[in-house]
Amino acid sequence: MSKYLVSFGDSDKYEVDFPGNLEEFKNSDRVKELKDKVESFLKEKFPMGNFADIVPLHIEEANDKAGYEKLDMTKLSDLLKNAVRQIGVEKFTDKLNLNAPFDKD
């Protein structure tokens, strides 16, 4: 059984066990389901936005001594809250940049 670390954008990393190599995990139904849950949650919160570039999925191999928390449904909730926070920060930064004194628009 291999261990992989999963995160979205700047979220915490969570450990996931998977009986295959990194490429198989990236293409697995488990990863697709996770991405779908995050995307559908964000579309519900922000129907007009495409935020995959703000909260991209990161997957990496974990070493045996990593000690990260396992990804489960309670952690998924934390991950989704963090994604919403990241989008809020990005949108606030965009607004600040538009109002910058050097902005010509």
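Heavy atoms only: backbone and side chains are in, while hydrogens, waters and symmetry mates are out.
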Could you please spell out the steps behind the side-chain contact (heavy atoms from CB on, under 4.5 Å) verdict for Lys70 and Asp17?
-> CA-CA 8 Å; Lys70 298 278 186 192; Asp17 294 328; 2.8 Å; yes
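Atoms CZ and CG, on Arg30 and Leu34 in that order, are 9.0 Å from each other to the nearest 0.5 Å. In this structure, OG in Ser40 is found 13.5 Å from NZ in Lys35, a value given to the nearest 0.5 Å. Rounding to the nearest 0.5 Å places CD1 of Ile59 at 9.5 Å from CD of Glu23. With values rounded to the nearest 0.5 angstrom, Leu57 atom CG is found 7.5 Å from Ser7 atom OG. Atom-to-atom distance recorded for Lys26:NZ and Glu60:CD is 9.5 Å, nearest 0.5 angstrom.
Within the 4.5 Å cutoff, the side chain of Phe25 has no heavy atoms near those of the Ser2 side chain. Side-chain contact check for Leu5 versus Glu15: some heavy-atom pair is nearer than 4.5 Å.
For the salt bridge (charged side-chain N to carboxylate O under 4.0 Å, His left out) test, no residue two or more places apart in sequence or in another chain qualifies with Lys43. Taking Asp12 as the reference, nothing meets the salt bridge (charged side-chain N to carboxylate O under 4.0 Å, His left out) condition, with sequence neighbours excluded.
Taking every heavy atom of both residues into account, Phe18 and Glu24 meet most closely at CE2-C, 3.9 Å. Closest approach of Leu22 to Tyr4, counting heavy atoms only: N-OH, 3.1 Å.
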